[in-house]
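See below for the structure under consideration.
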Amino acid sequence: MSDDLVDLYQDIILDHNRRPRNSRKIHTATHQSEGINPLCGDEVTIYLDLLDERITDISFQGQGCAISQASASLMTEMLKGLDLDETRQHSKILHDLLNSEEDAQDALLKYGNLAALSGVRKFPARVKCATLAWHALEAALRGKDSISTEEEL
Ligand code: FES
């Protein structure tokens, strides 16, 4: 990965960590779940408003490392307004992104800002940081109150 791309990915993660998008509680959420990383104790709660199988609003609250918070922020920005099929496709995209050997430049073109998370591929413990919010999202959609990153995405 080029130094420029490393810098860009770091900037995206730092920006979302410093100025998280959709960081608030939805008091009338139709679905919510807390994701917990037992390795560090960090947690992210996802709130969803689902209407006719479409995410009309999504937000998160939590505390944790920059990657876990940036991933939650990127996720909420990306999924608002999508239907459940599109949401599942995005979960698969994240899974593919974190498990592929795809060139970082290609990943940026294909996945947009989400590609900023691809830097964690080489660090298994950090992959759990990047997937924490997505675990919580899956759990919320299954009607589960909480989930641990020990479970598979
Ligand atoms: Fe805890 Fe990243 S170190 S989620």
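Hydrogens, waters and symmetry mates are skipped; everything else that's a heavy atom, side chains included, is used. First listed ligand is number 1; within each ligand, the first listed atom is number 1. Just so we're clear, the structure is a prediction, and the values are computed from it rather than from any experiment. Numbering of residues begins at 1 and proceeds along the displayed sequence.
For ligand 1 and Arg126, the ligand atoms under 4.0 Å from any heavy atom of the residue are 2 (Fe), 3 (S).
In terms of heavy-atom proximity, Asn22 sits nearest to Ile58 at CB-O, 3.5 Å. When all heavy atoms of Asn17 and Ala70 are compared, the closest pair comes out as N-CB, 4.2 Å.
Protein atoms of type N/O/S that fall under 2.8 Å from atom 1 (Fe) of ligand 1 number 2 in this view.
Side-chain contact check for Ile147 versus Arg142: some heavy-atom pair is nearer than 4.5 Å.
In this structure, Ile36 shares a hydrophobic cluster with no other residue, the cluster being traced through Ile, Leu, Val, Met, Phe, Trp and Tyr side chains under 4.5 angstrom apart.
Lys92 is linked by a side-chain hydrogen bond (donor to acceptor under 3.5 Å, both in side chains) to Asp96, counting only residues two or more places apart in sequence or in another chain.
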Can you give me every donor-acceptor pair (side chain of residues 38-51, partner residue at least two apart or in another chain, under 3.5 Å) with its distance?
| unit_1 | atom_1 | unit_2 | atom_2 | d |
| --- | --- | --- | --- | --- |
| Asp42 | OD2 | Cys65 | N | 3.2 |
| Tyr47 | OH | Gln61 | OE1 | 3.4 |
| Asp49 | OD1 | Thr30 | N | 3.3 |

